[in-house]
Amino acid sequence: MFEKSTWIRLPRNVVVGHGVRSSVVEVVDELHLQGRPLLVTSPTPRAVAAEPVAADFEAAGIDPAIVTIESATFESVETVIEAAEAEAASYLIGVGGGKAIDIAKMASHHLDMGFLSVPTAASHDGIVSNRGSVPDGDTRHSVAAEPPLAVVADTEVLAEAPWELTTAGCADIISNYTAVMDWRLAKRLKNVEFSEYGAALSEMTAEILVDNADHVRPGLEESAWVVTKALMSSGVAMSIAGSSRPASGAEHLFSHQLDRLAPEAALHGHQVGVGSIMTAYLHGGERGIWRDIRDALDSIDAPTTATELGLDDETVLEALTTCHEIRDRYTILGNGMDERAAREGATKTGVID
Ligand SMILES: NC(=O)C1=CN([C@@H]2O[C@H](COP(=O)(O)OP(=O)(O)OC[C@H]3O[C@@H](n4cnc5c(N)ncnc54)[C@H](O)[C@@H]3O)[C@@H](O)[C@H]2O)C=CC1
Ligand SMILES: O=C(CO)COP(=O)(O)O
Ligand SMILES: [Zn+2]
């Protein structure tokens, strides 16, 4: 008897383009959301977009509340839940980079409320995904969360954000190549659940981005358009898979461990990009695709070395040899890398000297 079933949850409205920030109130109306919104943001995105969106609500006769979080932690999720209850909010709007959107997503899941995603940076592929990513002591959780009811991605805002945020988003997408390699390996060796559609969409997204790398240049609003579409497509791949597997393999474990060893040293996307160069080497050796990944990152100004990440060689090696412990996700790292092997791989790929 056939007993499989799946429930794929995706946004109902995706609004992308020049000046669409001012459409948030209209999108809320179209979704028939009633009552008071709580805008969940972080310090810089608050001024960039949350306050203008709040002003639009006020002009429409709706009184919004705002809460500012500083970090992506379970404490921040609690802060937002308490603010939603204290302010009698009816739905949430995440306004900012990956951290603010993740926290809004997880709080809305807990509160059983709808949420909208309003990215201010094309820096990560959590914009539409149904996952939240949170560090917790020695581990890193990929938490099932509420996908957004709608996404409003203003390319004018995204293009005005610092360029390195956009290159981080590109690197988060390029890392899909190795994430899917790890996923296929885990399917073969550990029989983990695998989605051909999720994997194919993730790989195709990276392919399209790399093919369009010439259009990803500082100062071009078209860059924000190209990158945001890829970030959304990658998020949809995660929602189809029901896990972050299509977009998160060993290169993400490496980045999550760096977040513990050298907090705030570099952007998430930049860290996973450098991790992807090294894990591509582990998958394919000299003849593997690690050079293609390095060149793709280089072509869009993303870091390809420890120095460009602002890290010393020893931190990179420590992360590489210990990151398999971060979570129970089988990857090319298996039960962990030997220190000499890690040094050899990192040196051969030019990540360390
Ligand atoms: N849930 C998911 O599926 C995914 C979650 N993530 C998570 O997202 C986070 C990484 O996202 P990021 O955006 O890199 O981090 P972030 O949210 O900390 O943003 C990076 C920096 O950019 C600033 N910023 C944002 N918009 C700006 C603007 N318009 N102008 C000037 N500064 C601006 C922020 O204030 C912050 O200082 C990590 O916690 C990562 O784990 C990443 C990918 C997928
Ligand atoms: O960053 C992600 C995909 O780009 C997902 O993060 P996790 O590794 O926490 O699942
Ligand atoms: Zn990522």
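Atoms within a ligand are numbered from 1 in the order they appear, just like the ligands themselves.
- Counting heavy atoms closer than 4.0 Å to ligand 2, residue H268 contributes side-chain atoms (C-beta onward) but none from N, CA, C or O.
- Not a single donor-acceptor pair under 3.5 Å links the side chain of D125 to the backbone N or O of G235.
- Atom 37 (O) of ligand 1 lies below 4.0 Å from none of the non-hydrogen atoms of the protein.
- Applying the 6.0 Å contact sphere to CD of E26 captures no more than 12 heavy atoms from other residues, nucleotides or ligands.
- Within ligand 1, the atoms closer than 4.0 Å to a non-hydrogen atom of V48 are 29 (N), numbered from 1 in the order shown.
- For ligand 1, the atoms sitting less than 4.0 Å from at least one non-hydrogen atom of R131 are 1 (N), 2 (C), 3 (O), numbered in the order shown with element in parentheses.
- Taking the Zn ion (ligand 3) as reference, D172 places its N/O/S atom OD1 nearest.
- Looking at A247 against ligand 2, both its backbone and its side chain come within 4.0 Å, counting heavy atoms.
- Contact analysis puts P162 in contact with ligand 1, with a non-hydrogen atom separation below 4.0 angstrom.
- Note on ring orientation: taking the six-membered ring where Trp is involved, the planes of W290 and Y281 are perpendicular (angle over 60°, cut-offs 30° and 60°).
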| task | For side chain to side chain donor-acceptor pair (under 3.5 Å), just list the numbers for S142 and R131, CA-CA rounded to whole Å, side-chain angles, deciding distance to a tenth of an Å, and then say yes or no. | result | CA-CA 6 Å; S142 172; R131 316 296 304 177; 3.2 Å; yes
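- Side-chain atoms of T349 come within 3.5 Å of backbone N or O of A346 as a donor-acceptor pair.
- Below 4.0 Å from some heavy atom of D125 lie the following atoms of ligand 1, by number and element: 43 (C), 44 (C).
- Protein heavy atom nearest atom 5 (C) of ligand 1, with residue, atom name and distance: D102 OD2, 3.2 Å.
- Without hydrogens or angle criteria, T331 side chain to A250 main chain gives no donor-acceptor distance under 3.5 Å.
- Protein heavy atom nearest atom 40 (C) of ligand 1, with residue, atom name and distance: H268 ND1, 3.7 Å.
- Contact record, A262 with L311: CB-CD2, 3.7 Å, taken as the closest heavy-atom pair.
- Proximity to H256 (heavy-atom distance under 4.0 Å) selects the following atoms of ligand 2: 7 (P), 8 (O), 9 (O).
- Not a single donor-acceptor pair under 3.5 Å links the side chain of D298 to the backbone N or O of R294.
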| task | Would you check, one step at a time, whether the test salt bridge (Lys or Arg N to Asp or Glu O under 4.0 Å) holds for R260 with D138? | result | CA-CA 8 Å; R260 296 183 59 239; D138 292 348; 3.0 Å; yes
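- For atom 34 (C) of ligand 1, the nearest protein heavy atom (residue, atom name, distance) is P45 CD, 4.3 Å.
- Every atom of ligand 1 is numbered from 1 in the order shown, and the set under 4.0 Å from a heavy atom of S133 is 41 (O).
- Here is the list of ligand 1 atoms found below 4.0 Å of a heavy atom in T44: 31 (C), 32 (N), 35 (O).
- Within 6.0 Å of the CG atom in D136, the count of heavy atoms belonging to other residues, nucleotides or ligands exceeds 12.
- The single protein non-hydrogen atom nearest to atom 9 (O) of ligand 2 is S133 OG, 2.6 Å, given as residue, atom name and distance.
- Counting only heavy atoms of the protein, atom 13 (O) of ligand 1 lies nearest to S123 OG, 2.6 Å.
- Between R140 and ligand 2, a contact under 3.5 Å exists for no N or O pair.
- In terms of modelled atom types and a separation under 3.5 Å, the side chain of H141 and the main chain of V134 share no donor-acceptor contact.
- The ligand atoms of ligand 1 that sit less than 4.0 angstrom from a heavy atom of A121 are 25 (C), 26 (N).
- For H124, the closest heavy-atom approach to ligand 2 does not fall below 4.0 Å.
- Coordination check, D125 versus the Zn ion (ligand 3): failed, since every N/O/S atom of the residue sits at 2.8 Å or beyond.
- When the heavy-atom distances from atom 41 (O) of ligand 1 to K99, E70, R140 are ranked, the shortest goes to R140.
- Interface of M238 with ligand 1, defined as ligand atoms under 4.0 Å from a residue heavy atom, comprises 3 (O).
- L201 and I127 fall within a single hydrophobic cluster, where Ile, Leu, Val, Met, Phe, Trp and Tyr are joined by side-chain heavy atoms under 4.5 Å apart, directly or via other members.
- The minimum heavy-atom distance between L39 and A50, with the atom names listed, is CD2-O, 3.3 Å.
- By the 6.0 Å contact criterion, CD on E58 is enclosed, its count of non-hydrogen atoms from other residues, nucleotides or ligands being greater than 12.
- Of the heavy atoms in E160, none comes closer than 4.0 Å to ligand 1.
- For D338, the CG atom counts as densely surrounded, since its 6.0 Å shell holds more than 12 non-hydrogen atoms of other residues, nucleotides or ligands.
- Below 4.0 Å from some heavy atom of D172 lie the following atoms of ligand 2, by number and element: 4 (O).
- Less than 4.0 angstrom separates some heavy atom of H124 from each of these atoms of ligand 1: 11 (O), 13 (O), 42 (C), 43 (C).
- Between the side chain of T167 and the backbone N or O of E164 there is at least one donor-acceptor pair closer than 3.5 Å.
- Linking ILVMFWY residues whenever their side-chain heavy atoms come closer than 4.5 Å, directly or via other members, places L209 and I289 in the same cluster.
- Contact annotation for I101 and ligand 1: no heavy atom of the residue comes within less than 4.0 Å of the ligand.
- Contact analysis leaves H256 out of contact with ligand 1, as no non-hydrogen atom separation drops below 4.0 angstrom.
- Taking each heavy atom of A107 and V80 in turn, the nearest pair found is CB-CG1, 3.5 Å.
- Residue side and main chain included, H124 places no N/O/S atom under 2.8 Å of the Zn ion (ligand 3).
- In the vicinity of S142, heavy-atom distances shorter than 4.0 Å reach the ligand 2 atoms 10 (O).
- Considering backbone and side-chain N/O of S244, one or more are found under 3.5 Å from N/O of ligand 2.
- Atom 3 (C) of ligand 2 has its closest protein heavy atom at D125 OD1, 3.2 Å.
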| request: Kindly determine whether E344 and R340 satisfy salt bridge (Lys or Arg N to Asp or Glu O under 4.0 Å), including the steps that lead there. | output: CA-CA 6 Å; E344 186 181 317; R340 283 173 62 172; over 6 Å; no
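- Heavy atoms of E251 found under 4.0 angstrom from ligand 2: none, in either backbone or side chain.
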| task | Output, in order, the C-alpha distance, side-chain angles, deciding distance and verdict of salt bridge (Lys or Arg N to Asp or Glu O under 4.0 Å) for D102 and K99. | result | CA-CA 5 Å; D102 267 1; K99 290 181 183 162; over 6 Å; no
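- Atom 25 (C) of ligand 1 has T120 OG1, 3.5 Å as its closest protein atom, hydrogens excluded (heavy atom only).
- Electrostatic pairing of E30 and R12 counts as a salt bridge here, judged by a charged N lying under 4.0 Å from a carboxylate O.
- Near H252, with a cut-off below 4.0 Å to any heavy atom, the atoms of ligand 2 are 1 (O), 2 (C), 3 (C), 4 (O), 8 (O).
- The nearest heavy-atom contact from the protein to atom 24 (N) of ligand 1 is L165 CD1, 3.7 Å.
- Atom 3 (O) of ligand 1 has S129 OG, 2.8 Å as its closest protein atom, hydrogens excluded (heavy atom only).
- With hydrogens left out, the protein atom closest to atom 19 (O) of ligand 1 is G97 CA, 4.2 Å, a heavy atom.
- When the heavy atoms of G94, G96, G98 are ranked by distance to atom 8 (O) of ligand 1, first place goes to G98.
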